Amino acid sequence: MDIPQPRIPRPSGRLDGLPGYGRGRAGGAVPFRHRLGSNEAPDGPTPAVQAAVAAAVAGANRYPDLRGETLAAALGQRHGLPAEAVAVGAGSIVILDQIVSAWCDPGDAVVTPWRSYEAYPIIAGLAGARMAGVPLDTAARIDPAAVCAAVGPGCRIVLICNPNNPTGTVLAADEVDRLIAALPAGVLVVLDEAYADYAAPAGEVAALPARRLARHANLAILRTFSKAWGLAGMRVGYCLADPAVIAAIHAVQPPFPLPGPAVAAALAGLAEPDAVAARVALNAAERSRLDAGIRAAGLPVAESAANFLWLPVAGAAEALAAHLAAAGIAVRCFAGEGVRITTGAASDSDAVLAALGTWNARAAAAPPR
Ligand SMILES: *Cc1c(COP(=O)(O)O)cnc(C)c1O
């Protein structure tokens, strides 16, 4: 990241050369009517969640829970784990940052399949750690054997995003189990499951962490309210792990990790699992419609288990993102690699499919090179 610094004391050299985190939309004069760049839910919070947030504001003169204990207890109940097996934070990405700073010393390695979430190299770099990216296979899937092979003496953390962002590809539960079992017990395995709700039945999504934690103490599972739970703006994430892992996270976490209204939103959301089920069902319908339309337009698309689709168009990524931006559609562009499109409401899919129709026509009209 480039920070102009002629007039200030020099910040740490760890900041030199860090990639920046983008906003998920191309620039330009057209206002975006379709915000499909950040994998947000298309609908606002339910009336019950909004009421809970409003009620919690009345107590804003008081500090909230020191460690978010009330929410940790509710999440423990949901997942069949003690509250001591839960850490909460202002987004799962913040908890990941705390995990990396608790486990990594400068020079240590974080092994992660790559391409993956663009926050990972920033977080590793801030801790002075090295991010060792392990290439995905030719279908943009995580390659468990290659991940195991990349784990060397300096590796402290193996970080697995599943389903993977931005490709949407998923490792099946038994493949994940085998991968965890194959990794050394001295390495902390972090499963970033921000999109878990889209990839498996709700009962499985709730029960799997406890089953895995019963077998492996070197495991930290990250979940978030930002995606299928529809609360990205409230910034609530959590970690499920052995109480000793949670204690280490608490050791680096500043007190009062979550404001009261955010806790209230999460608690009210937990009381309405049907709203999540409805979002997941809408996503499945729109994702398959978009997937079919993208294929019909002659564009490549990876098999997705999440609320977005990955179009590995390589050198055409920037032109495609600009074409969509001109139609008022914000997507996430990975220059030279591909474009990630969030599945939103039906009207969002309609807009994407219409724009892809004209992209196809323009491409077909272009003279052969
Ligand atoms: C969206 C996302 C998150 C969620 O981050 P929050 O801080 O909880 O909003 C985490 N990991 C990945 C891979 C994501 O795409």
Side-chain angles (χ1 to χ4, degrees), residues 19 21-25 35-42 45 68 71-72 75 86-100 110 112-124 126 131 133 136 140-142 157-171 176 189-199 205 209 220-240 249 253 257-259 262-263 265-266 269-270 276 279-280 283 287 302 304-310 330-332 334 338-344:
Y21 188 80
R23 192 71 179 88
R25 51 179 78 152
R35 293 171 59 173
L36 307 181
S38 294
N39 299 342
E40 297 150 335
L71 180 57
L75 289 166
V86 186
V88 302
S92 56
I93 204 64
V94 169
I95 304 179
L96 177 63
D97 184 60
Q98 290 160 351
I99 289 174
V100 171
V110 175
T112 193
W114 193 256
R115 163 63 66 181
S116 193
Y117 189 28
E118 68 248 70
Y120 295 164
I122 305 173
I123 287 173
L126 277 174
M131 203 199 78
L136 303 175
R141 287 179 312 224
I142 292 167
I157 291 175
V158 171
L159 173 55
I160 304 289
C161 184
N162 193 47
N164 186 45
N165 177 6
T167 59
T169 48
V170 70
L171 262 191
V176 174
V189 182
V190 179
L191 298 182
D192 183 347
E193 299 187 332
Y195 302 98
D197 302 272
Y198 300 105
V205 174
I221 296 152
L222 294 174
R223 296 280 179 89
T224 181
F225 282 83
S226 295
K227 307 289 158 60
W229 293 77
L231 291 170
M234 295 309 287
R235 310 302 304 124
V236 184
Y238 61 101
C239 176
L240 305 171
I249 294 171
Q253 180 178 64
L258 281 180
V263 170
L270 283 172
V276 179
R279 274 185 213 105
V280 169
N283 178 68
R287 188 179 67 207
S304 173
N307 67 335
F308 54 86
L309 289 163
W310 172 244
V331 298
R332 179 92 45 165
F334 298 79
V339 169
R340 190 193 70 198
I341 306 179
T342 303
T343 29

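Just follow the structure's listing: the first ligand is 1, and inside any ligand the first atom is 1. None of the values given here were measured: they were computed from a predicted structure.
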Asker: Near Arg235, which atoms of ligand 1 are under 4.0 Å from a heavy atom of that residue?
Answerer: 6 (P), 7 (O), 9 (O)
Asker: Is any N or O atom of Asn165, backbone or side chain, closer than 3.5 Å to an N or O atom of ligand 1?
Answerer: yes
Asker: Please verify the inter-ring angle class for Phe225 with Tyr238; under 30° counts as parallel, over 60° as perpendicular, anything in between as tilted.
Answerer: tilted
Asker: Hey, what do you get for OG1 (Thr169) to CG (Asn162), rounding to the nearest 0.5 Å?
Answerer: 8.0 Å
Asker: Against ligand 1, does Ala232 come closer than 4.0 Å with any heavy atom?
Answerer: no
Asker: Determine whether Asn165 and Ser116 make a side-chain contact, defined as any pair of heavy atoms from C-beta on separated by less than 4.5 Å.
Answerer: no
Asker: So does Glu118 pair up with Arg332, basic N to acidic O under 4.0 Å?
Answerer: yes
Asker: Within a strict 4.5 Å, meaning less than it, do heavy atoms of the Ile99 and Cys239 side chains meet?
Answerer: yes
Asker: Show which atoms of ligand 1 fall inside a sub-4.0 Å distance from at least one heavy-atom site of Lys227.
Answerer: 1 (C), 2 (C), 3 (C), 4 (C), 14 (C), 15 (O)
Asker: Quick check: do Ser38 and Thr342 have side-chain heavy atoms less than 4.5 Å from each other?
Answerer: no
Asker: Heavy-atom contacts under 4.0 Å between Asp192 and ligand 1: side chain, backbone, both, or neither?
Answerer: side chain
Asker: Please identify which atoms of ligand 1 are closer than 4.0 Å to at least one heavy atom of Ala194.
Answerer: 2 (C), 3 (C), 10 (C), 11 (N), 12 (C), 14 (C)
Asker: Is Tyr195 touching ligand 1 with its side chain, its backbone, both, or neither, if touching means heavy atoms under 4.0 Å apart?
Answerer: side chain
Asker: Looking only at distance, does Asn39 have an N or O less than 3.5 Å from an N or O of ligand 1?
Answerer: no
Asker: Begin with the C-alpha distance, continue with both residues' side-chain angles, and end with the deciding distance and a verdict on side chain to side chain contact (heavy atoms under 4.5 Å, CB included) for Arg141 and Thr167.
Answerer: CA-CA 8 Å; Arg141 287 179 312 224; Thr167 59; over 6 Å; no
Asker: Does any N/O atom on Gly91 come nearer than 3.5 Å to any N/O atom on ligand 1?
Answerer: no
Asker: Any idea which atoms of ligand 1 are less than 4.0 Å away from a heavy-atom of Ser226?
Answerer: 6 (P), 8 (O), 9 (O)
Asker: Have a look at ligand 1 and work out which part of Cys161, if any, has a heavy atom under 4.0 Å from it: side chain, backbone, both or neither.
Answerer: side chain
Asker: Kindly determine whether Asn164 and Tyr117 satisfy side chain to side chain donor-acceptor pair (under 3.5 Å), including the steps that lead there.
Answerer: CA-CA 8 Å; Asn164 186 45; Tyr117 189 28; over 6 Å; no
Asker: Considering only the protein, which heavy-atom contact is closest to atom 5 (O) of ligand 1, and what is its distance?
Answerer: Ser92 OG, 3.4 Å
